Amino acid sequence: MSTEHLMGVYNRAPLEVDRGQGARLWSTDGTEYLDCVMGISTNALGHAHPILVQAVKDQAEKLWHVSNIFKIPGQEALADALCEKSFADVVFFTNSGTEAVECALKTARKFHSANGQPERIDIYGFDGSFHGRTYGAINAAANPSYTNGFGPPMEGFHQLVFGDHEALKAAIAHPNTAAIIVEPVQGEGGCRAIPEVCLRGLRELCDEYGVLIIFDEVQCGMGRTGKLWAHEWGGMAPDIMAIAKALGGGFPVGACLATNHAAKGMVVGVHGSTFGGNPLAMAVGGAAFAEISKPETLAHVNEIAGYLKQQLHGLKERFPDVIVDVRGKGLLLGVKLVPNNREFMGWARDENQLLVAGGGDNCVRILPPLNLTLEEAREAVARFEKTCEGARAKMAAA
Ligand SMILES: *Cc1c(COP(=O)(O)O)cnc(C)c1O
């Protein structure tokens, strides 16, 4: 076996995965790792959670797939649960985050078209954001390394600089603006959170001009920040929201949520999916959502996140030559480094069996399962500390 026949779009770590249990991951050579990547915040309940394993087994013996031309009880149940616990009135199920984003973008444009303002097609995204890899998503995020070479920029997509309030105001006031798309807490971009007061300001301004707000909570939603939805920290809500990653606890499930108002144009025939919302996905998604949305789960996230953040700030004090900044919200933690983040990830993995994810702005992201125990959190900090010590020694020797 080799990667020879895989399209070479990934720079894979030299770790061949075998199995996982909770926060532990084992490679095929038997090495045990503490996993603070969790499929980039996807396996939010850890690997092989017994409730999710049971949900897959039960449903696998019953019914996997039918078309959306039939009524799917599991889909109705999960949509009910999502709407009960969010601002939304309606849900469209997808297989991935990028498809949820596509549905969100289409819902926004279709809204204005159905409202008799078809000229309102402009969508504004922000620098440092990530929305997935399909055409609409790469144009919305406009990261040149994901758009270059893939043809002309798509019409109607524009970019704003994170924190440039004047440009944002001008964009919202423009008569052709359909929507703003943003992550309340950026994931890939390096764990940058929108200040809570700015979330409220954004809501007021968008309401004034009839512009829709799309939140991409694919990574920061589903309890990751210590509230079920990251925007709840701002005491406001979007019109449309894309979620995925943790929604299926590791099984591919995504969703686009919207108010009835914003979903005005999404009528019979205008959108669809073969696999989206199939019975197997809904069984796992329903089980994962029920577990993650429990108040106890969210309280636990806040407790562990408080501990980790405090400890990481302590490490920053002790290792100012290694750590520049500790940021993020809840268990979407970013540590900005002096040494190269990719190298640091390799040292953490190979020397201390700690898996952390990379991120923009030379950050590493710490994305443990939401049910990480305090003991495991202590272990993560100890391994991170050792990696900082190693980094200091390497930098001194260089
Ligand atoms: C991962 C991610 C996506 C894309 O999700 P896929 O399932 O890979 O398509 C979109 N937005 C954000 C914020 C993400 O973190």
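Start at 1 and go down the list; that is how both ligands and their atoms are numbered. Quick caveat, the model's predicted, so the values are computed rather than measured. When reading the values below, keep in mind they use all heavy atoms of this one structure, side chains included, and skip hydrogens, waters and symmetry mates.
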Give a yes or no on whether Glu155 atom CD has more than 12 heavy-atom contacts from other residues, nucleotides or ligands under 6.0 Å away.
no
Using only heavy-atom distances, determine whether the side chains of Asp35 and His47 contain a donor-acceptor pair under 3.5 Å.
yes
Looking at atom 5 (O) of ligand 1, tell me if a protein heavy atom falls under 4.0 Å from it.
yes
Taking N or O atoms only and a 3.5 Å limit, does Val218 qualify as a polar contact for ligand 1?
no
For atom 7 (O) of ligand 1, what is the nearest protein heavy atom, given as residue, atom name and distance?
Gly97 N, 2.8 Å
If you scan protein heavy atoms around atom 2 (C) of ligand 1, the nearest is Lys245 NZ, 2.5 Å
If you draw a 6.0 Å radius around NZ in Lys57, do more than 12 non-hydrogen atoms from other residues or ligands fall strictly inside?
no
Side chain, backbone, both or neither: the part of Ser96 lying under 4.0 Å from ligand 1 by heavy atom:
both
Is it the case that ligand 1 has an N or O less than 3.5 angstrom from some N or O of Val101?
no
Short side-chain donor-acceptor distance under 3.5 Å, Glu188 and Asn143
no
Are any of the N/O atoms in Glu99 less than 3.5 Å from those in ligand 1?
no
Which atom pair, heavy atoms only, marks the closest approach of Val182 to Pro184?
O-CD, 3.6 Å
With a sphere of 6.0 Å drawn around CG of Asn148, does it hold more than 12 non-hydrogen atoms of other residues, nucleotides or ligands?
yes
Does ligand 1 have a heavy atom under 4.0 Å from the side chain of Glu217, from its backbone, from both, or from neither?
neither
Of all the atoms in ligand 1, which lie at a distance below 4.0 Å from a heavy atom belonging to Thr98?
4 (C), 5 (O), 6 (P), 9 (O)
Counting heavy atoms only, which part of His131 comes closer than 4.0 Å to ligand 1: side chain, backbone, both or neither?
backbone
Whether the Ser273 and Thr94 side chains hold a donor-acceptor pair (N or O, under 3.5 Å, no angle test) is what I'd like checked.
no
Atom indices of ligand 1, in the order listed, that fall short of 4.0 Å to a heavy atom of Gln219:
15 (O)
Validation row, ring centre His261 to ring centre Phe111 under 6.0 Å:
yes
For atom 11 (N) of ligand 1, grab the closest protein heavy atom and report residue, atom and distance to one decimal in Å.
Asp216 OD2, 2.7 Å
Using a strict cut-off of less than 4.0 Å between a Lys/Arg side-chain nitrogen and an Asp/Glu carboxylate oxygen, indicate whether Glu196 and Lys329 qualify as a salt bridge.
yes
Atoms in ligand 1 flagged as close to Glu183, the criterion being non-hydrogen separation under 4.0 Å:
13 (C)
